[in-house]
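Written below as structure tokens is the structure these notes are about.
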Amino acid sequence: METILISVDNSMDNENIYKQAVDILKKGGVVSFPTETVYGLGAVATDEAAVRKIFEAKGRPSDNPLIVHIGNAEEVEKFATGITADAKKLMKAFWPGPLTLVFEMKPGQIAPNVTPGVETVGIRMPDHPVAIRLLRALGEPVAAPSANRSGKPSPTEATHVLDDLDGRIPMILDGGRTGVGVESTVLDMTTVPPTILRPGNTTQEMIEEVIGPVQNEVGEIEKAPRSPGMKYTHYAPDAPLFVIHPDGRKLEVAIQTLQSEGKKVAVVGPDEMQTDAADWYFSIGSLHNHEAMASNLYRALRQCDMTKADIILAVETDLSGVGVAVMNRLIKAADGKQYSDRTE
Ligand code: AMP
Ligand code: MG
């Protein structure tokens, strides 16, 4: 299959491009499109055969549920029940935006393979002009995970999608770099109080300001995953990745030790710790700017894949605000490995 990548520049009349994308989706095909978090790979969420193509194109394990994207907040009523007053407050405060809300599912609406193994459905309304225009032109809910091959970092640029899925999908809408850079916060509204299953740009503090205390199961998820996708090692680059404390001296010693073992070292870290000692240093923004670090993280992990690095060191961020989401993705990319615990 030939993959077409088309730029949807806001300054142009793109009527025809959206029409083409809608046609593909209506006929049961998949289309990649930008959201404010990462690029998604979408299919009509009520079409089981179409949804199957998402799993095939990505090589995604079939027990990992997909998020349903809607173009108008009111549509949530069509697919979910148990929409509490708190949920309504959150939708009002954060939709459109990078917050997925998990509800009990209204039976018979969404294709069963969107929500394998669960009785719930995760829904969000993305905050991106291309995604919203596509969803509204289509008039159907779209199931969409990130548009990467399973196990690769999520795509934050259209070319990342092409690198992973060229020849596997018919169309990529190129809307430039995504802003947020990490996947949406997932908040389970079926528990009392609600539970954060995945941290993202909509932080715990922001949520609690609107509805009061929530639980945070992110640390527990590796033990007994309630959010099925959480058990997979996501986001990993090719070379083994270790997280390392944000200490310039320790970083230099680590680099020298590894190089003395004949290893080439790539580092993903903040501007402040940039060092020529590394064979490659990919700077993702100031230590004090978690939003920038989130936005640049996946591109940096992909850049590591383009080097000949034998090992990647990723510098820890502190756990405030969006730093929680950055560290969550780094720990996954590292599969939990800390440089200080390294034994080989
Ligand atoms: P992705 O679309 O790749 O960002 O992954 C979506 C993730 O959201 C899944 O891997 C799950 O962890 C989570 N998720 C989606 N739907 C549900 C649901 N109904 N219940 C719990 N977690 C969900
Ligand atoms: Mg994903």
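Order of appearance sets the numbers: ligands from 1, and atoms from 1 within every ligand. Just so it is clear, the model here is predicted, and its values are computed rather than measured.
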Residues Q204, V324; criterion side chain to side chain contact (heavy atoms under 4.5 Å, CB included); working and verdict = CA-CA 9 Å; Q204 180 162 354; V324 178; over 6 Å; no
Assess R60 for proximity to ligand 1: is some non-hydrogen atom of it under 4.0 Å away?
-> yes
Can you figure out which of T120, I123, V182, V186 has its heavy atom closest to atom 20 (N) of ligand 1?
-> T120
K26 and E140 ion-paired at < 4.0 Å | no
Q215 side chain vs P193 backbone, donor-acceptor pair below 3.5 Å = yes
In terms of side-chain geometry, is the basic nitrogen of E36 or R124 positioned less than 4.0 Å from the acidic oxygen of its partner?
-> yes
R198: numbered ligand 1 atoms lying under 4.0 Å from its heavy atoms | 1 (P), 4 (O), 5 (O), 6 (C), 7 (C)
Does atom CD of E209 have more than 12 heavy-atom neighbours, drawn from other residues, nucleotides or ligands, at distances under 6.0 Å?
-> no
Find all atoms of ligand 1 within a distance of less than 4.0 Å from any non-hydrogen atom belonging to S146, and give their numbers and elements.
-> 2 (O), 3 (O)
If you count the atoms of ligand 1 from 1 in the order shown, which ones are under 4.0 Å from a heavy atom of N64?
-> 9 (C), 10 (O)
Backbone or side-chain N/O/S of S150 under 2.8 Å of the Mg ion (ligand 2) | no
So is V121 in contact with ligand 1, going by heavy-atom distances below 4.0 Å?
-> yes
Decide salt bridge (Lys or Arg N to Asp or Glu O under 4.0 Å) for D47 and K53; before the verdict, give the C-alpha distance in whole Å, the side-chain angles of both, and the deciding distance to 0.1 Å.
-> CA-CA 10 Å; D47 181 340; K53 290 181 188 162; over 6 Å; no
